[in-house]
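The next block holds one structure in the form of structure tokens; read it before the comments.
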Protein chains: 2
Amino acid sequence: MNEKTTLDLENLRELIDGVDKQLLNLLRKRLDLVAQVGTVKHAAGVPIYAPQREASMLAKRRKEASEMDISPQLIEDILRRLMRESYLNEKDVGFKQVKTDLGHIVIVGGEGQLGGLFSQMLTLSGYQVKSLDKDDWHRADELFDGAGMVIVTVPIKITCDLIRDKLNNLPEQCILADLTSIKSEPLNAMLAAHKGPVVGLHPMFGPDIGSLAKQVVVVCDGRGAESYQWLLEQITIWGARIVNENAEKHDKAMQLVQAMRHFSSFVYGVNLCKEEADIESLLQFSSPIYRLELAMVGRLFAQDPELYADIIFAQEGSQVAISDYLDNYRDALTLLQTGNREAFVAQFKDVAKWFGDFAPQFQHESRAMLQSVNDMKTN
Amino acid sequence: MNEKTTLDLENLRELIDGVDKQLLNLLRKRLDLVAQVGTVKHAAGVPIYAPQREASMLAKRRKEASEMDISPQLIEDILRRLMRESYLNEKDVGFKQVKTDLGHIVIVGGEGQLGGLFSQMLTLSGYQVKSLDKDDWHRADELFDGAGMVIVTVPIKITCDLIRDKLNNLPEQCILADLTSIKSEPLNAMLAAHKGPVVGLHPMFGPDIGSLAKQVVVVCDGRGAESYQWLLEQITIWGARIVNENAEKHDKAMQLVQAMRHFSSFVYGVNLCKEEADIESLLQFSSPIYRLELAMVGRLFAQDPELYADIIFAQEGSQVAISDYLDNYRDALTLLQTGNREAFVAQFKDVAKWFGDFAPQFQHESRAMLQSVNDMKTN
């Protein structure tokens, strides 16, 4: 680079620094304004996540951007990122308390990660929350006395026994809820152990999310739905979306997505380990799509094995799903070993047809995901 | 919502609209400034992607953000997204031509997607590019006459035969390169067919990327490396990173990541199809992690089956890798069927140990990825 080039670049970079300074000021201003919206919404008990308002605001901005020859997707992506930040900050204001005459809430397993998250959200919404963990059973009667709701969130393998043995004598008007990732058995156990209102919840997210905005909570009705409507409303105020589903259907879907997903990732990790793959060099080669895959597999192994054993071993149906997958895998491998390329292509086309419009939709979506993975690269 | 709340929200939203208007103006200004940087760099032939400069700029902004009580990650994410936009726009200026006395370039398979992308990038860099597709062989002699470089990018299954049969009489000083996703066999075929400079390239990205910034191109040296250094420099100017690797090592790694990845996604799709899974309802349930997975699987089936058949059927070694995975899968299923939870947990821990520091690193990375998937949700 010659002197002139260096000088030109330096001047331009100074100007960019100035723009970025203004950008930071604007961000600060926007975050403050959205925080004020949060305060107003909080006082009125309006949910923080308003999909329609969000969509119409984004449509307006996209149009304005186009008129300025700015890519509409750019402003949408930036505003979505900003909204995430604002959702995170909502916590600072707290949330409206929907049910003010509930009595206190007991979280059985409140010191676990998910229990801790619900405890935090409920406390931020003005409820009195007490935690009951494995060393607290000697004072269970005292904790349950006057409780308006008991939420169970303990490892799957002990959930049903615990409900049967320890939660069969709750105050009758008390709501009994659980957060287990399977629903049929815990729901039946709760209905058998408790005469009052019962509801099964499955928060479809890990405890490491910063905000519940846009996350899904599956609800399986048990008994006395009118008594716990406030809870669903409360969860909506936290920003999550409620999906009502039948417990059996939910469990079947979970076998297909959750158990199989985790199992496949587990085997993938085992496989890499046995092949003594060199992660460093795999990363060197990795296109965004492989990096994403490696990250998803590696992610699993940073977490608690017991948690995954719980999920994978919980349902007998999962074995069937996993075993079906193995059969399909074996059949496909036979195509490969016999060089039956034509059959591979034919089957590929059948599946593509079955995916229908979802295939191009997923391609479009995944492109955006992969671009954002590429943005994160640092070398 | 009462009248006061509605009014308060309306007022705040008007203020936010004003801030967003200023934001758009700033974005316009910043894009223009960076475009000017592009023009200066273009004239000087400096690569558009400068990792160190980028890192130090981001570090500065993060610090400034912190001082204003803005999350450093927020400004980093926004700037990274903006940089992506600027990389996309770089194309409008074109790129510096590193080698000005090359003669023309022939792309065999230039009408394919990847051929088209390279043709575009080379043309934007001032090279004269001619395309040779399957109907053009009658005028091959004319096209090859005086060519400074021939790039082969045809389906894997015909690559080696084509090199042997059709590219054995190129001008001696002409560079022969290929873009095949396997490297050993094409490289050997090129070395046998051509006496001049030979180089194998594997662009680690799909043709649907908008910019080469931060993408990886694997380079396997063939012969006469000094003659094609300009090409590697040219690719670097486009923003990509060159990774030098031995062809056999590259192919081995590709069996592990590429062939197996695509094969597993294929089987996953077959499995969903056979189970007659209801995609709509799976999406209803889907946490960001499952949505990501579904998108990655669905993505495959929106694309050309022949392309994937090519990749999967290309290397015999892939069969071994895929078959090893099947064995590991079967062994893990046995653990599940015999209820051997302890062995599962023990193996999980072994793999976690093997992943070492990569596991938490991947967890951290995947969290950012999943958050950005969640940002994209619209309901």
Side-chain angles (χ1 to χ4, degrees), chain A residues 5 8 12 15-16 19 23 26 28 30 33 36-37 40 44 51 68 74 77 80-81 84-85 204-205 214 243 253 257 267 269-271 273 279 284-285 287 290 295 298-299 301-302 305 309 313 325 328-329 332 341 344-345 348 351-352 354-355 358-360 362-363 365-366 372 375 377 379, chain B residues 5 8 12 15-16 19 23 26 28 30 33 36-37 40 44 51 68 74 77 80-81 84-85 204-205 214 243 253 257 267 269-271 273 279 284-285 287 290 295 298-299 301-302 305 309 313 325 328-329 332 341 344-345 348 351-352 354-355 358-360 362-363 365-366 372 375 377 379:
Chain A
T5 304
D8 283 351
L12 286 167
L15 291 170
I16 292 173
V19 168
L23 181 63
L26 267 187
R28 181 67 274 157
R30 197 182 198 282
L33 284 169
Q36 288 181 50
V37 170
V40 174
M68 295 169 69
L74 174 67
D77 288 349
R80 284 190 184 282
R81 179 62 187 82
R84 184 209 302 173
E85 204 64 21
M204 301 295 297
F205 43 83
K214 303 188 186 185
V243 173
V257 289
V267 179
V270 169
N271 198 61
C273 170
I279 303 184
Q284 276 282 313
F285 283 141
S287 60
Y290 306 126
R299 168 186 178 82
F301 292 96
F313 283 79
Y325 179 81
N328 288 322
Y329 198 95
R341 198 188 145 104
F344 174 89
V345 170
F348 192 106
V351 178
W354 176 79
F355 263 103
F358 282 112
F362 284 140
Q363 190 183 20
E365 241 181 64
S366 62
S372 107
D375 288 349
K377 274 202 199 166
N379 59 24
Chain B
T5 304
D8 283 353
L12 286 167
L15 290 171
I16 292 173
V19 168
L23 181 62
L26 266 188
R28 181 67 275 160
R30 197 182 198 282
L33 285 169
Q36 288 182 48
V37 171
V40 174
M68 296 168 70
L74 174 66
D77 288 348
R80 284 190 184 282
R81 178 63 186 82
R84 184 209 300 173
E85 204 66 19
M204 302 294 298
F205 44 83
K214 302 186 184 187
V243 174
V257 288
V267 179
V270 169
N271 198 62
C273 171
I279 302 183
Q284 277 282 315
F285 284 141
S287 61
Y290 305 127
R299 168 187 179 80
F301 291 96
F313 283 79
Y325 179 81
N328 288 322
Y329 198 96
R341 197 187 146 106
F344 174 89
V345 170
F348 192 108
V351 178
W354 176 78
F355 264 104
F358 281 112
F362 284 141
Q363 191 183 20
E365 243 181 63
S366 61
S372 107
D375 288 349
K377 273 202 200 167
N379 58 22

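Every chain is numbered from 1, with letters handed out A, B, ... down the list of sequences.
- Taking Cys273(A), Ala332(A), Gly298(A) one by one and counting their heavy-atom pairs under 4.5 Å with chain B, the maximum is reached by Cys273(A).
- Contacts with chain B were tallied for Val351(A), Val37(A), Asp8(A), Asp77(A); Val351(A) has the most, counting heavy-atom pairs under 4.5 Å.
- Here Ala352(A) pairs with Phe301(B) under the side-chain contact (heavy atoms from CB on, under 4.5 Å) rule; sequence neighbours left out.
- Summarising the geometry of Thr5(A) relative to Ala44(B), their closest heavy-atom pair is CG2-CB, 3.7 Å, with the distance given to 0.1 Å.
- Proximity to chain B (any heavy atom under 4.5 Å) is restricted, for Val243(A), to the side chain, taken from C-beta onward.
- The candidate with the highest count of non-hydrogen atom pairs below 4.5 Å against chain B, out of Met68(A), Arg84(A), Arg30(A), Glu365(A), is Arg84(A).
- Note: Ala295(B) leads Gly269(B), Ala295(B), Ala359(B) in heavy-atom pairs under 4.5 Å with chain A.
- In this structure, Leu33(B) CG and Ile16(A) CD1 are separated by 5.5 Å, a value rounded to the nearest 0.5 Å.
- Taking the six-membered ring where the residue is Trp, Tyr329(A) and Tyr325(B) present tilted rings, their angle falling between 30° and 60°.
- Of the possible donor and acceptor atoms, one in the side chain of Arg80(B) sits under 3.5 Å from a partner among the backbone N and O of Asp375(A).
- Taking every heavy atom of both residues into account, Pro360(B) and Ala302(A) meet most closely at N-CB, 3.9 Å.
- Within the 4.5 Å cutoff, the side chain of Leu23(B) has heavy atoms near those of the Leu23(A) side chain.
- Applying the side-chain contact (heavy atoms from CB on, under 4.5 Å) test to Glu85(B) and every residue at least two apart in sequence or in another chain returns Ser71(A), Leu74(A), Leu31(B), Arg81(B), Leu88(B), Asn89(B).
- For the set Val270(B), Val19(B), Ile279(B), the entry with the most heavy-atom pairs within less than 4.5 Å of chain A is Ile279(B).
- Contact between Arg299(A) and Phe362(B) at its shortest, heavy atoms only, is N-CB, 3.9 Å.
- Between the side chain of Arg341(B) and the backbone N or O of Phe313(A) there is no donor-acceptor pair closer than 3.5 Å.
- Summarising the geometry of Ala309(B) relative to Val345(A), their closest heavy-atom pair is CB-CG2, 4.0 Å, with the distance given to 0.1 Å.
- Of the two parts of Phe344(A), the backbone and the side chain both hold a non-hydrogen atom closer than 4.5 Å to a non-hydrogen atom of chain B.
- Residues Leu15(B) and Gln36(A) are not in side-chain contact: their nearest non-hydrogen atoms beyond the backbone lie 4.5 Å or more apart.
- Of the two parts of Phe355(B), the backbone and the side chain both hold a non-hydrogen atom closer than 4.5 Å to a non-hydrogen atom of chain A.
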